[in-house]
Amino acid sequence: MSNDFQLDAKARNDIGKGASRRLRRLSNELPGIIYGGKNPPQKITLSHKELDKALQNEAFYSHIITLSVEGKTEEVILKDLQRHPAKPVILHADFLRISKTQKFTTKVPIHFINEDVCVGVKVGGGNITRSMTELDILCLPADLPEYIEVDVAEVEIGHIVHISDINLPKGVESVALNHGEERDSPIFTVNQPKLEVAEEELSDQQPEGEASEETDDEEKSD
């Protein structure tokens with residue numbers, strides 16, 4: 001995958017919560033860290049505005065990023081992001097160094113396509129449940145997909161799509177499935193409409209009135 005994203009950063013020596021608050025308040029910057037590979041972790045600062053703009057593109061989360069730290073570039077992926085719970089503020093960003101010859105784990109978005117023509121919905125009137133919206137994968141940098149596409153056009157009502165049903169791109173592995181079949185989680189389901197489920201449950205239950213009437217008739221015949 002080509003490196004479509006570039007960010008500039010500065011080395012950071014001033015650490016601690018107070019220093020981080022000053023960065024965000026006075027400079028509109030935020031703290032971050034680069035780790036992994038053979039080099040030691042490096043603390044950095046980034047432009048809040050620049051990173052926030054990049055994050056508006058979904059592809060940023062699953063792309064290789066060229067991070068320039070005072071002129072020295074490193075190939076990284078975004079590994080973790082901390083946001084303020086109540087304000088549109090990024091608090092911290094973690095970046096993982098990558099090597100062209102070494103596999104790494106990351107998350108990529110799942111794109112469900114053809115939901116509008118899904119058999120279970122269009123014909124059966126079912127309701128969609130998406131159990132997962134992203135997938136943990138293992139791959140080389142060159143094989144990193146922007147997203148995983150899952151075609152749900154033929155999914156019938158009551159059917160469950162699992163991780164093992166995904167056609168992964170060449171060179172891409174599921175982290176969950178590498179840990180065994182018991183980790184084969186559902187990702188997409190078409191459930192029966194709630195009204196139909198309620199009617200089926202009602203029909204399975206014999207009304208108490210009917211039962212008492214039958215008993216009364218038997219007693220009268222005796």
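Because only heavy atoms are used, hydrogens play no part in the values below, and waters and symmetry mates are left out as well, while side chains stay in. This is a predicted model, so every value here is computed, not measured.
- F95 is listed as a side-chain neighbour of I65, based on a closest heavy-atom distance under 4.5 Å.
- R130 contributes atom CZ, which lies 11.5 Å from atom CD1 of I110 (distance to the nearest 0.5 angstrom).
- In terms of the salt bridge (charged side-chain N to carboxylate O under 4.0 Å, His left out) criterion, residue partners of K107 (sequence neighbours excluded) are, by chain and number, D136.
- L168 places a side-chain heavy atom less than 4.5 Å from the side chain of I148.
- Within a 6.0 Å radius of CG in N167, other residues, nucleotides and ligands contribute 12 heavy atoms or fewer.
- In this structure, E154 places its CD atom where only 12 or fewer heavy-atom neighbours from other residues, nucleotides or ligands lie under 6.0 Å away.
- Judged purely by atom type and a 3.5 angstrom limit, R12 has no side-chain atom pairing as donor or acceptor with the backbone of P31.
- For the pair Q42 (side chain) and Y35 (backbone), a donor-acceptor distance under 3.5 Å is absent.
- By the 4.5 Å side-chain criterion applied to Ile, Leu, Val, Met, Phe, Trp and Tyr, V119 is assigned to a cluster that also includes V123.
- Between L140 and F104 the shortest heavy-atom distance is C-CE2, 3.9 Å.
- Summarising the geometry of D94 relative to L78, their closest heavy-atom pair is O-CD1, 3.6 Å, with the distance given to 0.1 Å.
- Atom-to-atom distance recorded for S174:OG and I163:CD1 is 4.5 Å, nearest 0.5 angstrom.
- Residue pairs that meet the ring pair (Phe, Tyr, Trp, His ring centres under 6.0 Å) test with at least one member in residues 113-146, sequence neighbours left out, do not exist here.
- Smallest separation of non-hydrogen atoms from I77 and T105: CD1-O, 4.2 Å.
- Across G171 and C139, no two heavy atoms sit closer than the pair O-CB, 3.4 Å.
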Criterion side-chain contact (heavy atoms from CB on, under 4.5 Å) on V108 and Y61, from CA distance to verdict: CA-CA 7 Å; V108 293; Y61 294 85; over 6 Å; no
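- Here CG of D80 is found 11.0 Å from CD1 of I33. Values are rounded to the nearest 0.5 Å.
- In this structure K100 satisfies the side chain to side chain contact (heavy atoms under 4.5 Å, CB included) test with no other residue, sequence neighbours excluded.
- Across every non-hydrogen atom of L138 and V175, the tightest pair is N-CG2, 4.0 Å.
- Applying the side-chain hydrogen bond (donor to acceptor under 3.5 Å, both in side chains) criterion to S131, with sequence neighbours excluded, gives no partner residue.
- Here the CG atom belonging to L55 is positioned 5.5 Å from the CG atom belonging to L81, to the nearest 0.5 angstrom.
- Every pair passing side chain to side chain donor-acceptor pair (under 3.5 Å) that includes a residue from residues 180-190 is listed here, sequence neighbours excluded: S164-D184.
- Atoms CD and CG, on E74 and N39 in that order, are 6.0 Å from each other to the nearest 0.5 Å.
- In terms of heavy-atom proximity, G125 sits nearest to P193 at O-CG, 3.0 Å.
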side-chain contact (heavy atoms from CB on, under 4.5 Å) between I44 and L67, worked out: CA-CA 11 Å; I44 58 173; L67 188 58; 3.9 Å; yes
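- The structure places CD1 of I137 at 12.5 Å from CG of L177, a figure rounded to the nearest 0.5 Å.
- Counting only residues at least two apart or in different chains, ring pair (Phe, Tyr, Trp, His ring centres under 6.0 Å) contacts with residues 67-90 are absent.
- Residues forming a side chain to side chain contact (heavy atoms under 4.5 Å, CB included) with P109 (at least two apart in sequence, or on another chain): E58, S62, H111, Y147.
- Between the H48 side chain and the I90 main chain, a donor and an acceptor come within less than 3.5 Å of each other.
- Annotation: side chain of V121 is not in contact with side chain of V152 (no heavy-atom distance under 4.5 Å).
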Before you tell me yes or no, could you show the steps for K49 and E29 under salt bridge (Lys or Arg N to Asp or Glu O under 4.0 Å), namely the whole-Å CA-CA distance, both residues' side-chain angles and the distance that decides it to 0.1 Å? CA-CA 8 Å; K49 181 180 180 180; E29 294 179 328; over 6 Å; no
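- The side-chain heavy atoms of L30 and L51, taken from C-beta on, include a pair separated by under 4.5 Å.
- Not counting sequence neighbours, K122 has no partner by the salt bridge (charged side-chain N to carboxylate O under 4.0 Å, His left out) test.
- Here the side chains of T66 and L7 are not in contact, with every heavy-atom distance at 4.5 Å or above.
- With a 4.5 Å cut-off on side-chain heavy atoms, V161 and V155 count as touching.
- Around NZ of K79, the count of heavy atoms belonging to other residues, nucleotides or ligands within 6.0 Å exceeds 12.
- Residues in residues 153-189 take part in these ring pair (Phe, Tyr, Trp, His ring centres under 6.0 Å) pairs, two or more places apart or across chains: F112-F188.
- Contact of the V150 side chain with the I113 side chain is not registered, since no non-hydrogen atoms from C-beta on lie closer than 4.5 Å.
- For D151, there are no salt bridge (charged side-chain N to carboxylate O under 4.0 Å, His left out) partners at least two apart in sequence or on another chain.
- Formation of a donor-acceptor pair under 3.5 Å by the R97 side chain with backbone atoms of G36 is found in this model.
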Quick one: do V190 and C118 satisfy side-chain contact (heavy atoms from CB on, under 4.5 Å)? Show the steps, please. CA-CA 9 Å; V190 180; C118 175; 3.8 Å; yes
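- E173 is linked by a salt bridge (charged side-chain N to carboxylate O under 4.0 Å, His left out) to K103, counting only residues two or more places apart in sequence or in another chain.
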